[in-house]
Amino acid sequence: MSTLQTLSFLKESKGGLRSIAAAAESSLGMLVEWAAAALVAAEILILFSGVVSRYVFDRPLVWSDELASTLFLWLAMLGAVIAFRRDEHMRMTACVGMLPQPWRAALDTFATGAALAFLALIAGPTYQYAVYQLPITTSALEITDTWRAAAMPAGIGLMIVFALLRLWRIGSPLPSLVALGAVTAIVALFFLAGPMFLKLGNLNLLIFFVGVVAAAVFAGVPIAFGFGLAIFGYLALATHTPLMVLVGRMDEGMSHLILLAVPLFVFLGLLIEMTGMAAAMVAFLASLLGHVRGGLHYVLVAAMYLVSGISGSKAADMAAVAPVLFPEMKARGARPGDLVALLSATGAQTETIPPSLVLITIGSVTGVSIAALFTGGLLPSVVLAVLLCCVVRWRYRHAAIDEAARASKATVMRAFLVALPALVLPFLIRAAVVEGIATATEVSTLGIAYAGIAGLLIYRRFNWAALQPMLVATAALSGAILLIIGTATGMAWGLTQSGFSRTLAAAMTGMPGGAITFMAASIAAFVVLGSVLEGIPAIVLFGPLLFPIARAVGIHEVHYAMVVILAMGIGLFAPPFGVGYYAACAIGRVEPAAGMRPILAYMLALLVGTIIVAAVPWISIGFLS
């Protein structure tokens, strides 16, 4: 056989192997997606059954919470696997996006290699942790806790498989080999320097929690894996802590039952979009305000407020509102850049509206009452909405309104009656939590049941074929969020054990100016953290450290929660680093550069609003009992 024939044979063989690998990945991915979808559906049924059994029949299901908790970790890990396969884990791509295409491709491969490194390092400890749970028996189901804990090594193993398959799919093996070689070399250098790290004391906090995290985040490594590499390296190289402790902290962070509200509210957001409830609310608001100058811009602000009171997910909110309003707004002469700028600003404005996932996360990691957070979050967003509307009024004070006729009273009333079932839902959710009918986790199942019935019987828009993709999308987004919470919980524990939290508390409480200085510093810090780490990881990492300090300097914990959430929202949705801004651009199908200038006035309004909320505690706590 000639040399050319040999090369041709090897090329064909490699192509055949790639086809086999692609088929294997597709089949395995489909199995994981169906399993995750079934878990989301099972969680909805279990929690809804628990509410009905307790509230209607006065016979609580003693096993429901335990079964839901057991399945929840499996849902979180399989969701993380799906997000990994789809490349949907949260990461900052602003810096990577500025580089030439070859560099971007190289860093994407490096990011996969870095994630694979963390997964390979943590695989052994997760298996040991699952085995360690064997003697522990659950109280209601009377099964070993290994059935629950086994989700972690299973999820880690599946992500390793998908990482290897992704690297194999790359057209040329050279980038994969270079990326894996670079990651392996960096990990090896850190382990060789292990004796040195043991002598550095708390200087290691800067090396791992600042240096490693910053390098990983700015290189485009998904945030969850950047956090994981930092805390694994710190515990393995700078302390004598058994690595099973890290797995335990990750388990604790991801398994908190209140966080089960995350996938359920994400699914509820997708459901109200599919059933037409969001479109009905938007149509009603448009009939009220569509004829005034900039009227549909006011509708966008109000619609995001109402929809956020249902879904809890900003991506779901924007995806529900923008496709309904943007075409008509463009037809009336609105500039695409201004539309996406306002959409981003409303995303930041509505972060405090219940059932915001950030509110649920704060309640989980700090112990603040979820009901109090739900009550306190309504008015701060109104303050910001008023300021955004002031900017809209100023910008569109000279806009022509000839094409926008005032809707008749009959049209408004008809739109109101159509939207009424949808308008009731946010109040139903809040009332059920405040009145104690259901917990913040369970109330989402009531919303899902209500939305399903409304979609079937009232709006007659219920696409059964869309349910499975919606359940899979719910699992993927939830898994991405929960894996961040898990690794960030490990980092927060490491910071606490190092004594950093005590040092930080002493420094912050001793700042001149007391509560005012502390609040100002918190706003500045969380604007930056929101842009780099996004809201949920920043809260999980710094919430347990800063909320006790806020209480110590005399700031009400609900008031402080509202301020930091608003500050994080500004960072999350402000270009050039805010991930939320690019999500808004993708949903609105607008080039990011078009919204850079228009968004400045909106962001200034949000900052002014945040300062007002910080200066007037009554806005956040005035309605607390």
Kindly compute the distance separating [atom1] ([X]) from [atom2] ([Y]), expressed to the nearest 0.5 Å.
X    : Y    : atom1 : atom2 : answer
T487 : L246 : OG1   : CG    : 9.0 Å
M30  : E25  : CE    : CD    : 11.5 Å
I143 : T70  : CD1   : OG1   : 5.0 Å
L229 : I186 : CG    : CD1   : 10.0 Å
L264 : L271 : CG    : CG    : 12.0 Å
D251 : D145 : CG    : CG    : 7.5 Å

Verify, without hydrogens or angle tests, whether [X] (side chain) and [Y] (backbone) share a donor-acceptor contact under 3.5 angstrom.
X    : Y    : value
S478 : A475 : no
T146 : A130 : yes
S53  : S49  : no
W74  : W147 : yes
E43  : L260 : no
T350 : I353 : no
T137 : T144 : no
H89  : I223 : no
S27  : A24  : no
S364 : I360 : no

Around atom [atom1] of [X], are there more than 12 heavy atoms of other residues, nucleotides or ligands at under 6.0 Å?
X    : atom1 : result
M196 : CE    : yes
F48  : CZ    : no
F209 : CZ    : yes

Between [X] and [Y], does any side-chain donor sit less than 3.5 Å from a side-chain acceptor?
X    : Y    : answer
E252 : T489 : no
S522 : Y560 : yes
R148 : S255 : yes

Problem set entry | Test log, rule side-chain contact (heavy atoms from CB on, under 4.5 Å), inputs E88 and L477 | CA-CA 8 Å; E88 293 178 357; L477 178 57; over 6 Å; no
Exercise. Taking V40 as the fixed residue, which of L78, L71, L45, L471 is the one that meets the side chain to side chain contact (heavy atoms under 4.5 Å, CB included) rule?
Worked result: L471
For residues [X] and [Y], report the shortest heavy-atom separation together with the two atoms involved.
X    : Y    : result
I484 : A224 : CG1-CB, 3.7 Å
G155 : M77  : CA-CE, 4.0 Å
L483 : A80  : CD2-CB, 4.2 Å
I370 : G363 : CD1-CA, 3.6 Å
P544 : T366 : N-CG2, 4.4 Å
V472 : A37  : CG2-CB, 4.0 Å

Would you say that [X] contacts [Y] through its side chain, given a criterion of any heavy-atom pair below 4.5 Å between the two side chains?
X    : Y    : answer
Y234 : T241 : no
L482 : F72  : yes
M568 : E351 : no
F225 : L119 : yes
S369 : F374 : no
L243 : L235 : yes
V368 : L359 : no
L268 : I272 : yes

For this session: Dump the intermediate steps for ring-ring contact (aromatic ring centres under 6.0 Å, His included) on F197 and F208, then the final yes or no.
Result: CA-CA 10 Å; F197 291 127; F208 289 97; 5.1 Å; yes
Exercise. Is the NZ or CZ atom of R86 both under 6.0 Å from the centre of the six-membered ring of F162 and within 45° of that ring's axis?
Worked result: no
For this session: Show your reasoning for whether ring-ring contact (aromatic ring centres under 6.0 Å, His included) applies to F118 and F227.
Result: CA-CA 10 Å; F118 170 68; F227 281 7; over 10 Å; no
Problem set entry | salt_bridge(R85, E33) N-O dist < 4.0 Å | yes
For this session: Please assess I362 against E557 for the test side-chain contact (heavy atoms from CB on, under 4.5 Å), listing each intermediate value before the final yes or no.
Result: CA-CA 10 Å; I362 286 179; E557 53 196 6; over 6 Å; no
Exercise. Between L546 and F526, does a side-chain contact (heavy atoms from CB on, under 4.5 Å) hold up when you go through it step by step?
Worked result: CA-CA 11 Å; L546 295 180; F526 276 100; 3.5 Å; yes
For this session: Apply the test side-chain contact (heavy atoms from CB on, under 4.5 Å) to residues D87 and R166: give CA-CA distance (whole Å), side-chain angles for both, the deciding distance (0.1 Å), then the verdict.
Result: CA-CA 10 Å; D87 198 20; R166 180 185 299 172; 4.2 Å; yes
